[in-house]
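It should be emphasised that the depicted structure is a prediction, and the values quoted were computed from it without experimental measurement. As a basis for the values below, the full set of heavy atoms in this structure was taken, side chains included, without hydrogen atoms, waters or symmetry mates.
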2 protein chains.
Amino acid sequence: MASNGAKQPLLSGLVDPASQIINECHRNRRRIRHVKSPPLAESVPSDTSGNGPIPCCGSFWGGLHQSLKKVALLLAVYLGLGTICFYAVRDDIKGKKTNPILDSVYFCIVTMTTVGYGDLVPNSALVKLLACVFVFVGMALVGLILSKAADYLVDKQEILLIKALHKHEKPGPAASLKEIETSKVKYKCYLALAILSVLMLVGTVFLYMVEDLNIIDAFYCVCCTITTLGYGDKSFSTGGGRLFALFWMLTGTIGLGLLFLYIAELFTESRQRTLVHWVLTRKTTNLDLEAADIDDDGVVGAAEFILYKLKEMGKISQEDIALVMEEFEDLDVDQSGTLSDSDITPAQSTQMKK
Amino acid sequence: MASNGAKQPLLSGLVDPASQIINECHRNRRRIRHVKSPPLAESVPSDTSGNGPIPCCGSFWGGLHQSLKKVALLLAVYLGLGTICFYAVRDDIKGKKTNPILDSVYFCIVTMTTVGYGDLVPNSALVKLLACVFVFVGMALVGLILSKAADYLVDKQEILLIKALHKHEKPGPAASLKEIETSKVKYKCYLALAILSVLMLVGTVFLYMVEDLNIIDAFYCVCCTITTLGYGDKSFSTGGGRLFALFWMLTGTIGLGLLFLYIAELFTESRQRTLVHWVLTRKTTNLDLEAADIDDDGVVGAAEFILYKLKEMGKISQEDIALVMEEFEDLDVDQSGTLSDSDITPAQSTQMKK
């Protein structure tokens, strides 16, 4: 994962858009990746155990911050436009009013998070249609923020884990890596739960203190808000309350979204692990060997076996293999069934001519 | 994909839980899979082009229906319990009432989908806490229904596509498969959009006819509902309206969820495709060959090359490879670096002894 960060400066001069995409796609894989074979790297580490050196993370953070900045910009544009629109039609919004600008932003946030208390409601055809547009765009934006927040937390934590891993001198083979992978997903759930609990506690105390709700009503209003239920019988009615709500509502709904996301990941991970375990422990038969033998030479090499098993685990598909196989056949100019330096040198000059 | 259906009856006698998990995990991969190498199959097709015969889909449907049945059962239990609870405390729910049982189910659905109009609201501490419990459980349930619905639509459509593919005699290599993969994601978006449009049209017409809203208000109420915004100024207030809402609200919110899910998939797919294209067209160098050479024999076989490229595409990770490599080394009793029948026969008897 973090190895992509090390890769980016090398690639950026050559294929800038692609390298950015690589970073994003790899990040979506959410795995600890090693630097055994970075493409276009200046030297290939001789260590074949898969535990390369710790890569530098500078440009990796840069890329992530870039993507967070983009989302923050989108959010600012959305809220800015929303506030201007709803401020302009403020007379066509009925309900409990405080400061007109604050109410416009508040209405915008209540709409985009789909909390929809109903303490402020559109009162003309135009504003109703405007609210419809803003809720659809807002939902997409909240989804985007949620996915970026998930990536951000995962990356942050992955770097911590890689560091922890390298504290132990010899991190050992895949088994311990798998353990870390498992506890990582659990740790993410705990993290999201902790964040959400703090947000719920802060919200309850605030509603109890500032909005003068009793403790049950405050908790009920918190639950109604973070789940985006928003019955609207209890909501933020004071200027101070609405100001607090601007920040708290967005973080609270996204916090709950994250928790659900991570719990789902926990289930997927455990199901996937059962499958991997089954694939790795089941008896290998002659039929398996026959099927795994890609080059039909009667024996199964390490790479052929790995491909076969990964396909069985559902990690790769036949099309993935077929696509790369085509490139292999193009590169293998002497038709030997293997690639060596002699294949590559003419292939390079052919590619350069194009 | 559908090949798993063909696999299941073969496996079911041996490893029932695992085979079910395989089916589910493979289904989550959402790819057209071929039957080149089904594990434990009675015969391995000699066709190595990756285009195997069309498998039978009977047990595949059985497995899927099983999983849908489970979700339907969960939903029935949730709504049943919810209705009983809210019926029991109906005097502590204030708002516009119609038939008490209908109102209880309606309140339950409004809560679980997080629409939360606020036309019926809890009016005692107990009911408020009850609503909090029901909204959290309901959200999880809606998420589960959404994911199962997504799988269902994908599988249904995949079978249609495989059939269409086999109408053309020779389906051609990976290129045309990739094209189908792309148009599949687009097609899913269109499908979700079509379903949602029909649901929105039906909802608008219904609200206009039965709830006596004008056409703008009806459309506004539809948008407020499917997005789960639910301001509550316009909602279902008649018995007939609430009966309709029971079915329409759940399908509408899930329909919109599906659309967002598929649009997100479209973006991921197109980003992934750019990466795959870059990995496959970039110049292969001597350094790549050195890094790809897993068995250090100085040349890169087809399988080694495929593994290297798939790792670069982010489809597999170093841990995936390391895990299977361990099993390979265990199986390779004569330490030849390849597996042949002679390795397998003693390995089998060792495994049987355990």
Nearest heavy atoms of B:S340 and A:V299, plus distance in Å: CB-CG1, 3.8 Å

Largest heavy-atom contact set with chain B, pairs under 4.5 Å, which of A:T228, A:I321, A:T113, A:D297: A:T228

A:L256 portion near chain B, given a 4.5 angstrom heavy-atom threshold: side chain

Rounded distance (nearest 0.5 Å) linking atom CD1 of B:I316 with atom CE of A:M313: 10.5 Å

When A:V115, A:N123, A:L129, A:L289 are compared by non-hydrogen pairs under 4.5 Å with chain B, the top option: A:L289

Partner chain B: residue of A:G230, A:C132, A:G232, A:C224 with the largest heavy-atom pair count (under 4.5 Å): A:C132

Greatest number of heavy atom pairs closer than 4.5 Å to chain A - which of B:V121, B:V110, B:I216, B:D332: B:V121

Contact winner vs chain B - A:K234, A:E329, A:M139, heavy-atom pairs under 4.5 Å: A:M139

Approximate separation, where rounding is to 0.5 Å, of B:K128 NZ and A:C223 SG: 12.5 Å

Winner by heavy-atom pair count (cut-off under 4.5 Å) against chain A, out of B:G143, B:A140, B:G138: B:A140

Atom pair CG (B:D320) and CG (A:L310), whose distance is rounded to the nearest 0.5 Å: 5.5 Å

Distance, nearest 0.5 Å, that separates OH of A:Y308 from CG of B:L339: 12.0 Å

Nearest atoms (heavy-atom pairs only) where A:I294 meets B:A302: CG2-CB, 4.5 Å

Winner by heavy-atom pair count (cut-off under 4.5 Å) against chain B, out of A:Y117, A:Y231, A:F136, A:F219: A:Y231

Residue pair B:V324 / A:I306: nearest heavy atoms and the distance that separates them: CG1-CA, 3.8 Å

Stepwise side chain to side chain contact (heavy atoms under 4.5 Å, CB included) check, A:K309 with B:F328: CA-CA 10 Å; A:K309 285 290 183 179; B:F328 179 82; over 6 Å; no

Heavy-atom pair of closest approach, residues B:E327 and A:R282: OE2-O, 4.3 Å

Test side-chain hydrogen bond (donor to acceptor under 3.5 Å, both in side chains) applied to A:T114 and B:T227, step by step: CA-CA 7 Å; A:T114 77; B:T227 59; over 6 Å; no

Per-residue contact mode, B:K94 against chain A (heavy atom under 4.5 angstrom): neither

Euclidean distance, A:L331 CG relative to B:K283 NZ, rounded to 0.5 Å: 12.5 Å

Top contributor to chain B interface from A:N214, A:T111, A:V222 [non-hydrogen pairs under 4.5 Å]: A:T111

